[in-house]
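Here is the structure we will look at.
Here is the naming used below: chain letters follow the sequence lines, and residue numbers restart at 1 for every chain.
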There are 2 protein chains.
Amino acid sequence: MELKDKIAHSHEECTASAAAVRDALYVLSGKWKLPLIITLSAGPMRFKDIQRSLGDITPKILSKELQDLELNEFVLRKVLPTKPVTITYELTPYSGSLDKVLDELKNWGLQHRKKIKASIRRASAQG
Amino acid sequence: MELKDKIAHSHEECTASAAAVRDALYVLSGKWKLPLIITLSAGPMRFKDIQRSLGDITPKILSKELQDLELNEFVLRKVLPTKPVTITYELTPYSGSLDKVLDELKNWGLQHRKKIKASIRRASAQG
DNA sequence: CCGTATCCGTCATGATACTG
DNA sequence: CAGTATCATGACGGATACGG
């Protein structure tokens with residue numbers, strides 16, 4: 001079955017597909033959301049730990065991204081009654097709904113990278 | 001199986017996953033690439049037709065997006081020896097490799113929209 | 001018709017500094 | 001530690017106009 005058979009059945013369905021895909025990409029947009037989710041998949045972490053784990057994200061951006069993910073119910077913010085309070089972030093069960101998407105995206109990314117490398121090799125050989 | 005079992009096996013694999021996912025999102029990034037692919041899934045089209053079909057994309061942006069997609073071998077540009085020449089754009093077979101990704105993205109986008117609506121209803125009822 | 005060139009506004013991201 | 005505030009910037013998308 002080809003792409004056009006799966007996606008572009010009619011004008012309306014085509015529009016609907018495009019809208020749904022764009023919804024998804026919108027929610028997952030930005031430089032950090034996916035890396036953040038993948039990082040948190042290791043378990044609950046504190047703000048500073050996440051920051052270190054992601055390398056060079058600034059607190060402002062991290063804060064914003066975490067809030068976004070919280071709003072979309074991918075991430076749960078927990079305040080532990082220690083003294084002073086400890087705050088942790090962890091993935092919600094709902095984040096599991098991204099499993100397939102993430103997996104497909106990962107697989108596709110891997111195979112695409114290989115393909116691009118091969119293309120470049122071919123192009124160089126030709127030139 | 002949970003997300004953490006599928007994605008974050010080890011530090012290296014976690015990093016690799018994140019990189020692959022970001023590769024994929026990078027290639028598909030921007031406001032128009034997916035809508036463009038979905039539009040072209042109806043068959044070969046000329047520049048002006050695509051422009052009309054996408055609604056309000058400007059020629060500069062469309063040109064750039066088409067070039068990006070050509071580079072990544074999703075789209076083939078054909079120059080037909082009519083007089084004056086006719087130029088068409090069509091999907092390559094390789095674009096079919098996106099089938100699964102697109103499908104998962106579409107499904108996820110649809111279910112997520114439903115969930116968000118339900119959340120808003122719940123929040124309103126509470127407040 | 002098929003684009004490219006120029007200019008411009010907006011938004012995402014980031015550096016730095018600061019508060020509780 | 002866990003953030004917020006302020007300021008800066010650069011990429012992206014778009015409007016308009018023009019060239020082949």
Quickly work out the [X] [atom1] to [N] [atom2] distance and round it to whole Å.
X	N	atom1	atom2	value
K31(B)	dT10(C)	NZ	C1'	11 Å
L62(A)	dC1(D)	CG	C1'	13 Å
Q51(B)	dT4(C)	CD	P	12 Å
Q67(B)	dG3(C)	CD	C1'	9 Å
M45(A)	dC1(D)	CE	P	13 Å
Y26(A)	dA12(C)	OH	C1'	11 Å
I57(A)	dA15(C)	CD1	C1'	14 Å
L36(A)	dA12(C)	CG	P	17 Å

Checking all strands, does I87(A) fall into the base, sugar-phosphate, or nothing category for heavy-atom contacts under 4.0 angstrom?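 Sugar-phosphate, no base atom in range.
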Worked verdict on D49(A) versus R52(A) for salt bridge (charged side-chain N to carboxylate O under 4.0 Å, His left out): CA-CA 5 Å; D49(A) 295 329; R52(A) 269 189 288 264; 3.2 Å; yes
Where the side chain of [X] is defined as all heavy atoms beyond and including C-beta, which of [options] is the nearest nucleotide?
X	options	answer
R77(B)	dG3(C), dT4(D), dT13(C)	dG3(C)
K60(B)	dG3(D), dC2(C), dG14(D)	dG14(D)
F47(A)	dG13(D), dC1(C), dG3(D)	dG3(D)

For [N], take OP1 and OP2 only and decide whether either is under 4.0 Å from a side-chain N or O of [X].
X	N	answer
R46(A)	dA2(D)	yes
W32(B)	dG14(D)	yes
S63(A)	dT4(D)	yes

Please report whether the ring centroid of H112(A) lies less than 6.0 Å from that of Y26(B).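 Here the rings of H112(A) and Y26(B) have centres that are no less than 6.0 Å from each other.
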Do we get K78(A) above Y89(A)'s six-membered ring, with its NZ or CZ under 6.0 Å from the centre and within 45° of the axis?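 No, K78(A) and Y89(A) do not form such a contact.
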Toward the 5' end of DNA chain D, which comes first, P59(B) or K64(B), by nearest nucleotide?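 Final value for this comparison: K64(B).
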Looking only at non-hydrogen atoms, find the nearest pair between S97(A) and Q111(B) and report the distance.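 Shortest heavy-atom separation between S97(A) and Q111(B) comes out as OG-NE2, 3.9 Å.
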Are E65(B) and K33(B) ion-paired here, with the side-chain N under 4.0 Å from a carboxylate O?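 A salt bridge links E65(B) with K33(B).
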